[in-house]
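First comes the structure, then the notes that go with it.
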Amino acid sequence: MKVCMTTTRIEQIRQTLGQEIWIEGWLYNKRSSGGIQFLQVRDGSGIIQGVVTKKNEKNFLLAERLTQESSIRVKGIAKEDPRSPTGYELSIQEIELVHLAEEYPITPKDHGTGFLMDNRHLWMRSSKQVPVLRIRHEVMQAIRDYFNEHGFIATESPILTGVSVEGTTTLFGVDYFGEKAFLSQSGQLYLEATAMALGRVYWIGPTFRAEQSKTRKHLTEFWMAEAEVAYFDHEDNLRLQEDLVKYIIGRVIQNKLPDLKALDRDISKLEKIIAESFARVTYKQAIDLLNEKGMGKSWGDDFGAPDEEAISDHFKKPVFIEKFPAVMKAFYMEPDPENQELVKAADLIAPEGYGEIIGGSERISNKELLLKKLEEHKLPREPYEWYIDLRKYGSVPHAGFGMGVERTVAWITGVTHLRECIPFPRQLHRLTP
RNA sequence: UCCUGGGUAGCUCAAUGGCAGAGCAUCCGGCUGUUAACCGGAGGGUUGGUGGUUCGAGUCCACCCCCAGGAGCCA
């Protein structure tokens, strides 16, 4: 169904060459040279250069008045033109001014990040931010399509919770009618319940971490794509994750190639990801590898950002790190039968220094073991009663994972900072806009 | 929370302890193929705050506020 009958979107311009069309958008930039003016018009789907000459005096005078980011409708005929920065050019027949913009704070010159973040609501209009947000959309849609096509049911987890998933992470507390509640840091526990009802479930939702982290790889509010599958084990889990990640990248290459190019992304690196198997190392092998590289690691150490980067640089492809010592990880993870000190968990580290994008594990299905682990982690039993119930009534082996959407988007787009991968980032000391 | 670097025009940045500057943006003028267009002109400042040193502080000292980068933790 065609919803907008009268206007053409710039991304469709190729199909309208030679025809009279209307474009509705904003003036991105303007250049002029005496009797000719070049209007860079953007509409969210792309940018096209429009040309106005003195021959049409009414348009010419109006174009002279136009300010950066003024909203306009323009009528014209598009054609290919190598002199245009985008390859296509619109010879403008008519300009309708919708709103004359006031002095726009973001100029075509350099700006600092603090200023851009203060103006995030405007910054997102710029030529780099638009493709990133369009790719984010494609990633989200690809995740939904992948799961939907594989028999998963989308089930939503609550945002307001009375229980923390891991107990260790700092949570945002809220007052819930006089009771203490928290903003969810993961939907996993709830997904385990819905997986027992529906078999295979997923959801994409916001998660909140009140950690005082202040780096390019952290947000206090970020989106996680989580999946949970009944009768799944650790191996199944890793296979699913690899297949999903490859599918997402394939979809972005297929549908958002112009945006990747606009971001100067090295597409051959992404194509290589799809073509090859991901690397796999155990925690122990990773420790040994880091020691070979002289990073002085010993058993029980966690991996920091420099460690992850060294590991991913070594393989130059996504790498699963699996079989972590149980003491380092969450209470609900299934021990490795070959070594009870380890758990059947894995982190997926993205290449090119983008860090961990997925964390997953097989979950404990035995009630007594779960109770023992809760105790070892010094967690109270009472808020977990419903979770323990899942191990009382038809418990099955099951596994799942959570993927950080922004980190995945950052990796695919080649953007170095997570704040550019979400429309309105929430960071330490940054709550507006 | 800790470490490091910053805060000067709307923005990005200059300025030996000695008259507060440039580019972009804005306004005025010029140019019929611009590519962050270019050329000429104009307006625009409580140098983050408080206190101190000094004949004199944007610059030095103390405390505070704010921003950025990184660490830890994590996705």
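Worth saying up front: this structure is predicted, and the values here are computed from it rather than measured. Within every chain, numbering begins at 1; the chains are lettered A, B, ... in the order of the sequence lines, protein sequences first and strands thereafter.
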Counting any heavy atom closer than 4.0 Å, what does [X] reach on the DNA or RNA strands: base, sugar-phosphate only, or nothing?
X: A/D347; value: nothing
X: A/T67; value: nothing
X: A/Q212; value: base
X: A/H218; value: base
X: A/S84; value: base

Establish, for the pair A/K323 and A/Y283, whether the NZ or CZ atom is under 6.0 angstrom from the six-membered ring centre and no further than 45 degrees off its axis.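 Checked: cation-pi criterion not met.
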If you check the [X] side chain, which of [options] turns out closest?
X: A/F38; options: B/A75, B/G72, B/U34; result: B/U34
X: A/P306; options: B/A71, B/A75, B/G33; result: B/A71
X: A/E308; options: B/G33, B/U1, B/C74; result: B/C74
X: A/R430; options: B/A75, B/G33, B/C67; result: B/C67

In whole angstroms, how far is the P atom of B/A68 from the CE atom of A/M117?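 Spelled out: CE on A/M117 to P on B/A68 is 7 Å.
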Assign each of A/T220 and A/G304 to its nearest nucleotide of RNA chain B by heavy atoms, then name whichever residue's nucleotide is nearer the 5' end.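 So the residue in question is A/G304.
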In whole Å, measure the gap between the C1' atoms of B/C74 and B/U4 for me.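 These two C1' atoms come out 23 Å apart once rounded.
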Determine the Euclidean distance between corresponding P atoms of B/C60 and B/G45; express it in Å to zero decimal places.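 Pairwise P distance, B/G45 against B/C60, rounds to 25 Å.
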Intra- and inter-strand pairs of RNA chain B in dot-bracket (Watson-Crick or G-U wobble, both distances under 3.5 Å; | for another strand): (((((((..((((....[..)))).(((((.......))))).....(((((..]....))))))))))))....
Check nucleotides 10-14 of chain B against the protein and report each pair of N or O atoms closer than 3.5 Å, with its distance, or say if there are none.
residue: B/C11; atom: O2'; partner: A/D110; partner atom: O; Å: 3.3
residue: B/C11; atom: O2'; partner: A/H111; partner atom: ND1; Å: 2.4
residue: B/U12; atom: OP1; partner: A/G112; partner atom: N; Å: 3.1
residue: B/U12; atom: O4'; partner: A/D110; partner atom: O; Å: 3.3

